[in-house]
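Everything on this sheet refers to the single structure shown next.
Numbers for residues simply follow the sequence, beginning at 1. Keep in mind the model is a prediction, meaning the values are calculated, not measured. All values below come from the heavy atoms of this structure, side chains included, with hydrogens, waters and symmetry mates left out.
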Amino acid sequence: MSEIGFLFAGFAVFWAGMFTYLVILQVKIRNLQSQIDLLENIIENHDEV
């Protein structure tokens with residue numbers, strides 16, 4: 001494999017890893033946001049009682 005091939009493979013691995021990391025981060029952010037919404041609803045309902 002030539003130097004350009006190795007460079008391309010390295011960039012491809014890097015961007016695939018970056019994309020995977022960002023997807024995982026987005027899933028965690030959504031999970032945290034849903035937990036925050038749940039806690040806000042619990043607090044609001046507790047204040048009404």
>> Could you see if F6 belongs to whatever hydrophobic cluster contains W15? Use Ile, Leu, Val, Met, Phe, Trp, Tyr and a side-chain cutoff under 4.5 Å.
In response: no
* Can you hop from F14 to L25 via hydrophobic side chains spaced under 4.5 Å? -> yes
When rounded to the nearest 0.5 Å, the distance separating CD1 of I29 from CD1 of I24 is 12.0 Å
Residue set satisfying side-chain contact (heavy atoms from CB on, under 4.5 Å) with L38, at least two apart, ordered chain then number -> I42
### Message
Are more than 12 heavy atoms, taken from residues, nucleotides or ligands other than L22, located less than 6.0 Å from that residue's CG atom?
### Response
yes
Rounded to the nearest 0.5 angstrom, the CG-CZ distance for L7 and F11 is 5.0 Å
The complete set of side-chain hydrogen bond (donor to acceptor under 3.5 Å, both in side chains) pairs with one or both residues in residues 29-38, sequence neighbours excluded, reads Q33-D37
dist L39:CG -> L32:CG (nearest 0.5 Å) comes out at 10.5 Å
Contacts of F19 meeting side-chain contact (heavy atoms from CB on, under 4.5 Å) (sequence neighbours excluded), chain-then-number -> V23
